[in-house]
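Everything below concerns the one structure shown next.
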Amino acid sequence: MSRFLLLSNALVVATMDDARREISGGSVLVEGGVIAAVGPAADVERALAERTQATGAPVERIDLAGHVALPGLINTHHHMYQTLTRALPAAQDAELFGWLRALYPVWARMTPDALRVATMTACAELVLSGCTTSSDHAYVFPNGCRLDDTIEAARAVGIRFHATRGAMSLGESSGGLPPDDLVESEDAILADTRRVIELFHDAAPGAMLRVGVAPCSPFSVTRDLMRESAALARSYGVSLHTHLAENDNDVAYSLEKFGQTPADYVEALGWVGPDVWHAHCVKLDDAGMRMFGRTGTGVAHCPCSNMRLASGVAPVRAMRCAGVPVGLGVDGSASNDGAHMLGEARQAMLLQRVGYGPSAMSAREALEMATLGGARLLGRNDIGALKPGMAADIVAFDVGGIEHAGALRDPVAALMFCAPARVALGVIDGRVVAREGRLETLDLRAHAARHNALATALANGER
């Protein structure tokens, strides 16, 4: 028998549906893992009465008075293992390549237990920031670590998860950036990628787990691996992801090694199309933007990381005008050092204004990128909006506190303009995962202590 969850009487329900309805005094009815009705409270109550009269199913009611409800936010780029190396002194004041060189030796000591704990930390932090779906780009697999460890951790927290099997195959001795002892053979990479797709990928609507293919970057894998990975992904019908054009040094590497801009490089290798999304693209040129727009190739915009590493201001306004699909990513927690999805959306809005003027991005455009934009990048048409038939991923923020005082003439915009809040309610696949600002699936204090012990051991050269 289905169970019902009624989220009632919200100050505003920002649906992000086709009409972008914002319903004052709205309610959302969930049946199982699917949204059954969205609308004014009285209309949704009638829908509930009709359904329960027919089924007699139990109902859980949650009052959202004073809250803004919206679709769960969608994170399109992360490296969850990096929560182990946040604010590491050796990497605090470096640009991308120097930052990576400082951290590669530390990451090489990571164990499967540390990877699982780090991923749980990242997932918990995301859920508490309003995120209900996240991708993860894991590309470092030392000491027996496997993608399976990240999947186990995400399941434990309860987040909807897109695990991408990353890889590095081009070590320093062959002209790449990572140390030789941290790369894998390309045969092993492709074999394990097939294994995890066949074992874990769920293509069904409403899937809680999907798998993608994600060679790390132009400076850490060969062109052969890029081509083979694209062919493998398309043979299984899964998505493709990598880093691209992150900063000036990244572009210079492509020009020197390949004689091509980053956009020309990926186009030549078949890494364009609606099944592909690239992280960063801070330095994507005008021709590249036009090509991405024409082919439906997506971009995961990571504003906090781009500022942290001084990579620059990505031309997101120009990308969107060119038709490029854009979502948001918090990026790894050693180049952002935090993972607050609502805060990332706010930062995206503010940074575009710094670079391109006060009308470069509105509050609602930022929320659209964090919801519908992310869904498009991940190839999902079942998340990102609140409407009947969509997966029941719903978050609510309490705007009755001091942080939002004086901003309630436009409570939806207040989520962007005011200080980023912790989520009050997080529902994923119809299940309440966060309630009254607390995670239901994990003892955070005990988990943080365990995480800190593992991070300290890793930084001190222990395993």
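Heavy atoms only: backbone and side chains are in, while hydrogens, waters and symmetry mates are out.
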Check for a donor-acceptor pair, side chain of Asp250 on one end and backbone N or O of Ala245 on the other, with a separation under 3.5 Å. yes
Do side-chain atoms of Arg422 reach the backbone of Leu128 as a donor and acceptor pair under 3.5 angstrom? no
Please tabulate, one pair per line, all N/O donor-acceptor pairs under 3.5 Å involving side-chain atoms of residues 282-289, not counting sequence neighbours.
from	atom 1	to	atom 2	distance (Å)
Asp285	OD1	Gly288	N	2.7

Can you tell me which residue pairs pass the salt bridge (Lys or Arg N to Asp or Glu O under 4.0 Å) test with a partner in residues 19-33, sequence neighbours excluded? Asp17-Arg21, Arg20-Glu368, Glu22-Arg364, Glu31-Arg51
Does the side chain of Val12 reach to within under 4.5 Å of the side chain of Ile23, using non-hydrogen atoms? no
If the condition is side chain to side chain donor-acceptor pair (under 3.5 Å), which residues does Arg376 pass it with, not counting sequence neighbours? none
So does Thr83 get a backbone contact from the side chain of Ser333, meaning a donor-acceptor N/O pair under 3.5 Å? no
Pairs flagged by side chain to side chain donor-acceptor pair (under 3.5 Å) wherever residues 341-352 is involved - sequence neighbours left out: Asn336-Glu344
Which residues pass the side-chain contact (heavy atoms from CB on, under 4.5 Å) test with Thr164, not counting sequence neighbours? His137, Ala214, Trp277
Quick one: does any side-chain atom of Glu125 pair with a main-chain N or O of Ala339 as donor and acceptor, under 3.5 Å? yes
Looking at Ala167 and Leu225, what are the two nearest heavy atoms and their distance? CB-CD2, 4.5 Å
List the residues meeting side chain to side chain donor-acceptor pair (under 3.5 Å) with Arg195, not counting sequence neighbours, and say none if there are none. Asp148, Asp192
Below 6.0 angstrom between ring centroids: does that apply to Phe397 and His404? no
Would you list the pairs meeting ring pair (Phe, Tyr, Trp, His ring centres under 6.0 Å) in which at least one residue belongs to residues 189-231, sequence neighbours left out? Phe97-Phe219
Under 4.0 Å between a Lys/Arg side-chain N and an Asp/Glu carboxylate O for Arg380 and Asp382? yes
Given 3.5 Å as the limit, does a donor-acceptor pair link the side chain of Thr133 with the main chain of Ile74, or not? no
Under 3.5 Å donor-acceptor, Arg160 side chain and Ala207 backbone: yes
Should we count CD of Glu198 as having more than 12 external heavy atoms under 6.0 Å? yes
Sidechain-backbone polar pair: Gln53 side chain, Glu50 backbone, donor-acceptor under 3.5 Å: no
For residues 61-80, the salt bridge (Lys or Arg N to Asp or Glu O under 4.0 Å) pairs (sequence neighbours left out) are Glu45-Arg61
Using a strict cut-off of less than 4.0 Å between a Lys/Arg side-chain nitrogen and an Asp/Glu carboxylate oxygen, indicate whether Glu186 and Arg223 qualify as a salt bridge. no
Is there a donor-acceptor contact under 3.5 Å from the side chain of Arg308 to the main chain of Ala334? yes
His447 and Thr121: side chain donor to acceptor below 3.5 Å: yes
Is the side chain of His301 donor-acceptor paired with the backbone N or O of Cys281 at a distance under 3.5 Å, no angle test? no
According to side chain to side chain donor-acceptor pair (under 3.5 Å), does anything in residues 71-82 pair up with another residue at least two apart or in another chain? List the pairs. Asn75-Ser134, His77-His79, His77-His241, His77-His243, His77-Asp331, His79-His243, His79-Asp331, Tyr81-Tyr139
Does the Arg210 side chain pair with the main chain of Ala204, one donor and one acceptor, at a distance under 3.5 Å? yes
Please list every donor-acceptor pair under 3.5 Å in which a side-chain atom of residues 264-272 meets a protein atom from a residue at least two apart or in another chain.
from	atom 1	to	atom 2	distance (Å)
Asp264	OD2	Thr261	OG1	3.2
Trp271	NE1	Met226	O	2.8

For Thr52, which residues count as a side chain to side chain donor-acceptor pair (under 3.5 Å) partner, sequence neighbours excluded? none
Side chain to side chain donor-acceptor pair (under 3.5 Å) against Asp224, all qualifying residues, sequence neighbours excluded: Arg227
